[in-house]
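Written out below as structure tokens is the structure these notes cover.
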2 protein chains.
Amino acid sequence: MLQKTNFFVYPNLTPKDSLFVIQNAVAKQSVLLIVGNCRVDYEGRASSKLDWGERLVMIKSDRSILIHRSTGYEPVNWQPPGCIIQTELVSGIDLKIRAIRSQPRETLEILFDELSLVTILNLVDKGAFSLYVSEEDIKKSIMLRPSLIEENFRCIIDEKMQPTGFIDIFGVDEEGNPVIIEIKRGTVRKEAVIQLRGYVEPLSKTNPKIRGIIAAPKLGKGIKPLLDSMNLEYKRINVKKCAEILKRSEGSKISDFFTKPKS
Amino acid sequence: MLQKTNFFVYPNLTPKDSLFVIQNAVAKQSVLLIVGNCRVDYEGRASSKLDWGERLVMIKSDRSILIHRSTGYEPVNWQPPGCIIQTELVSGIDLKIRAIRSQPRETLEILFDELSLVTILNLVDKGAFSLYVSEEDIKKSIMLRPSLIEENFRCIIDEKMQPTGFIDIFGVDEEGNPVIIEIKRGTVRKEAVIQLRGYVEPLSKTNPKIRGIIAAPKLGKGIKPLLDSMNLEYKRINVKKCAEILKRSEGSKISDFFTKPKS
DNA sequence: TCATACATGTCGACG
DNA sequence: CGTCGACGTGTATGA
Ligand SMILES: [Mg+2]
Ligand SMILES: [Mg+2]
């Protein structure tokens with residue numbers, strides 16, 4: 001057993017000896033890595049079985065669990081944060097880890113018959129994470145500079161004035177016509193057009209002059225005719241310009257752009 | 001340095017010494033775990049910065065990369081499989097790992113100034129993975145037993161007979177009316193209804209007797225009236241019954257239900 | 001709790 | 001290479 005300030009490595013533990021180590025690590029909210037020969041059963045929204053083989057199991061501070069094989073970005077099995085974790089010795093020789101989630105009800109069972117390597121990590125991490133440009137960022141920059149949509153476009157902030165809750169931006173054009181804007185951070189596909197139509201259509205019955213505009217950096221192939229057929233519009237958005245606009249105004253709400261890990 | 005048959009553990013490597021170890025592990029398509037103090041920059045569809053802190057970086061056999069903090073099911077930064085990985089010593093003291101993806105063009109840069117623990121894993125894993133019930137499974141069971149939809153319903157297999165490529169099942173009811181079936185493995189939401197309408201509507205212009213049926217285990221709240229208003233139907237599916245039907249007929253195409261890791 | 005929409009979604013299939 | 005739809009999607013948000 002090697003000990004350093006922030007990690008512990010346990011090669012070739014017996015399942016029996018691993019029990020205390022693992023329970024302790026979970027209780028202390030360490031990050032736990034278990035490498036060994038295992039079998040995995042999942043039951044919930046779907047069901048799955050994974051036959052015996054060597055995998056890397058990660059149990060994180062928030063009790064999220066990821067089971068990784070040697071390939072694939074995505075874990076072969078997993079449990080999102082917050083599940084209940086139980087450990088148990090089976091037949092005196094195997095380690096069973098059970099992780100249960102209640103909503104939706106899902107159970108994950110990992111049975112190890114051999115543990116090559118158990119590692120406990122206490123990660124010190126206060127680093128800020130910032131990401132742009134999200135759809136929310138585009139929205140903010142349009143709010144800050146409505147001319148990104150068109151001259152004399154005005155956003156209506158008051159939520160009481162908004163027709164429904166899912167509209168990205170509601171505003172008024174220079175003629176006073178109501179405008180619904182659907183923002184996409186990537187290429188506009190058919191789905192986005194249908195989504196916008198879903199917002200516009202019910203309102204156009206009471207006000208036929210209502211306009212629907214998709215604001216996005218790129219239009220997919222064949223989308224322009226579709227928009228035309230539904231009498232909807234497209235406004236190209238330069239995401240770099242959005243980043244500029246936000247950067248210039250960041251003094252006020254810099255906290256919006258940074259998040260820290262919860263633990 | 002500890003050596004076992006299938007893993008190597010390197011505590012407290014200097015960035016300089018880590019270079020060979022890491023390059024070698026990537027070349028040999030091992031699974032590589034790097035724990036240390038790092039900073040991460042990502043640029044691509046979006047851009048992100050992650051300030052200094054301790055994280056676990058996983059480089060898998062297929063050159064997928066995951067950067068995990070102490071919490072969160074999802075990695076804070078990542079690169080999907082197949083990226084190009086470059087390693088470099090910066091200023092003689094820091095380790096830079098760069099992972100580049102070409103489609104879409106995205107770069108991930110990790111800069112380590114301290115490596116607590118480098119682990120190399122050679123996972124032996126031939127275990128089969130099977131999952132059910134997917135939408136595809138429901139489709140197969142309806143094909144095997146069309147009465148799951150209704151008595152005397154018949155599926156039309158011939159793709160040349162199918163109106164468009166995205167329809168889950170195309171068939172004919174006992175009156176000879178064409179039927180389009182949209183399958184959902186979970187709760188039916190508005191989106192699924194709109195999707196089905198998108199398939200049915202263009203065809204109902206030439207044949208007004210065409211029917212659209214959503215086959216799923218559950219109907220969302222408020223979906224029934226929506227279906228009615230669009231003249232679409234709902235057929236409840238018992239997924240356990242689907243599993244039964246497939247299990248009984250599995251002799252023929254058992255290979256469809258199992259996949260093995262690529263490496 | 002349920003419904004809705006975003007995501008660097010990822011992944012696979014098809015054209 | 002782009003488009004489309006499934007996914008145990010996960011995650012945040014609002015009713
Ligand atoms: Mg929106
Ligand atoms: Mg479908």
Side-chain angles (χ1 to χ4, degrees), chain A residues 40 42-48 64 66-67 72-82 101-108 131-139 159 164-168 182-192 194-196 198-199 218-223 239 259, chain B residues 40-48 64-67 72-83 101-108 129 131-139 159 164-168 182-192 195-196 198-199 218 220-223 239 259:
Chain A
V40 186
Y42 152 76
E43 192 122 353
R45 287 165 293 180
S47 304
S48 75
S64 47
L66 301 93
I67 303 173
Y73 161 81
E74 295 173 319
V76 59
N77 282 113
W78 71 90
Q79 203 66 285
R101 182 192 190 187
S102 47
Q103 192 65 27
R105 178 75 181 188
E106 301 197 286
T107 62
L108 179 68
L131 182 141
Y132 59 95
V133 176
S134 66
E135 177 184 308
E136 186 63 25
D137 292 334
I138 297 174
K139 173 175 173 177
E159 295 211 358
T164 92
F166 297 107
I167 291 167
D168 289 333
E182 173 61 31
I183 300 166
K184 288 297 163 206
R185 66 175 308 288
T187 305
V188 176
R189 314 254 182 228
K190 187 171 37 166
E191 188 188 309
I194 291 169
Q195 192 184 347
L196 177 56
Y199 301 144
K218 235 166 125 184
L219 254 196
K221 222 175 158 188
I223 298 299
V239 293
T259 58
Chain B
V40 186
D41 284 84
Y42 153 75
E43 191 122 354
R45 287 164 293 179
S47 305
S48 75
S64 47
I65 301 183
L66 300 92
I67 303 172
Y73 162 82
E74 294 172 321
V76 59
N77 284 113
W78 71 90
Q79 201 67 283
C83 62
R101 182 192 191 187
S102 47
Q103 191 64 29
R105 178 76 181 185
E106 303 196 285
T107 62
L108 178 68
F129 177 73
L131 182 140
Y132 58 95
V133 178
S134 67
E135 178 183 308
E136 186 63 24
D137 293 334
I138 297 174
K139 174 175 172 177
E159 296 211 358
T164 92
F166 297 109
I167 291 168
D168 289 333
E182 173 61 31
I183 300 166
K184 288 296 164 208
R185 65 174 308 286
T187 305
V188 176
R189 313 257 179 226
K190 188 169 36 164
E191 187 187 306
Q195 193 184 346
L196 177 56
Y199 300 144
K218 233 167 126 185
K221 223 174 161 185
I223 297 298
V239 293
T259 59

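Lettering follows sequence order; numbering is per chain, from 1. All values below were derived from every heavy atom in this structure, side-chain atoms included, with hydrogens, water molecules and symmetry-related copies excluded.
Heavy-atom distances to DNA chain D give each of A:I223 and B:V133 a nearest nucleotide, and the one nearer the 5′ end belongs to A:I223. Residues B:E191 and B:S48 both approach DNA chain C. Their nearest nucleotides, taken by heavy-atom distance, put B:E191 toward the 5′ side. A residue-by-residue look at A:T187 and B:S134 shows that A:T187 has its nearest nucleotide of DNA chain D further toward the 5' end.
Around CD of A:E135, the count of heavy atoms belonging to other residues, nucleotides or ligands within 6.0 Å exceeds 12.
The nearest pair of heavy atoms linking B:S48 to B:N77 is OG-ND2, 3.0 Å. Closest approach of B:I223 and B:V188 over heavy atoms only: CG1-O, 3.4 Å. The minimum heavy-atom distance between B:Y73 and A:Q79, with the atom names listed, is CD1-O, 4.4 Å.
With rounding to whole Å, A:E136 atom CD is found 9 Å from C:dA7 atom P. The separation between A:E135 atom CD and C:dC6 atom P is 5 Å, rounded to whole Å. In this structure, A:K139 atom NZ and C:dC6 atom P are separated by 11 Å, rounded to whole Å. Regarding A:L66, its CG atom lies at a distance of 11 Å from the P atom of D:dG10, rounded to whole Å. At whole-Å resolution of the value, CD1 in A:I183 and C1' in C:dT4 are 16 Å apart. Counting to the nearest Å, the P atom of D:dG8 and the NZ atom of B:K184 are 13 Å from each other. We find that CG of A:L131 is positioned 10 Å from C1' of C:dA7, with the value rounded to whole Å. Taking atom CG of B:D137 as the reference point, atom C1' of D:dC7 lies 13 Å away to the nearest angstrom.
Counting only heavy atoms from C-beta on, A:R189 has its side chain closest to D:dT3 among D:dT3, C:dA3, D:dG8. Distances were taken from every side-chain heavy atom of B:Q103 (C-beta onward) to each of D:dC1, C:dT10, C:dC6; the shortest belongs to D:dC1. You'll find that the side chain of B:Q195 is closest to D:dG5, out of D:dG10, C:dT10, D:dG5.
Partner assigned to C:dT4 is D:dA12, using Watson-Crick or G-U wobble distances below 3.5 angstrom.
Applying the 4.0 Å criterion to OP1 and OP2 of C:dT10, one finds that B:W78 has a side-chain N or O inside that range. Residue B:R185 places at least one side-chain N or O under 4.0 Å from the OP1 or OP2 atom of D:dT9. Residue A:R45 places at least one side-chain N or O closer than 4.0 Å to OP1 or OP2 of D:dG10.
In this structure, A:G220 reaches the sugar-phosphate backbone alone: every heavy-atom distance under 4.0 Å involves primed, P, OP1 or OP2 atoms, never a base. Residue B:E106 is classed as a base contact, given a heavy-atom separation below 4.0 Å to a base. B:E182 comes within contact range of the sugar-phosphate backbone alone, with a heavy-atom separation under 4.0 Å but no base atom that close. Among the protein residues, A:P81 comes within range of the sugar-phosphate backbone only, with heavy atoms under 4.0 Å from sugar or phosphate atoms but none that close to a base.
A donor N or O paired with an acceptor N or O is not found under 3.5 Å between the base of D:dG10 and the side-chain atoms of A:E74.
As rounded to the nearest Å, D:dC7 and C:dC6 have C1' atoms that lie 15 Å from one another.
Although no hydrogens or angles enter the test, the distance criterion places no donor-acceptor pair under 3.5 Å between the side chain of B:R45 and the main chain of A:R185.
No aromatic stack links A:F166 and the base of C:dT4, using centre distance under 5.5 Å and interplanar angle under 30°. Applying the 5.5 angstrom centroid cut-off and the 30 degree plane-angle cut-off, the aromatic ring of B:Y73 is not stacked upon the base of D:dG10.
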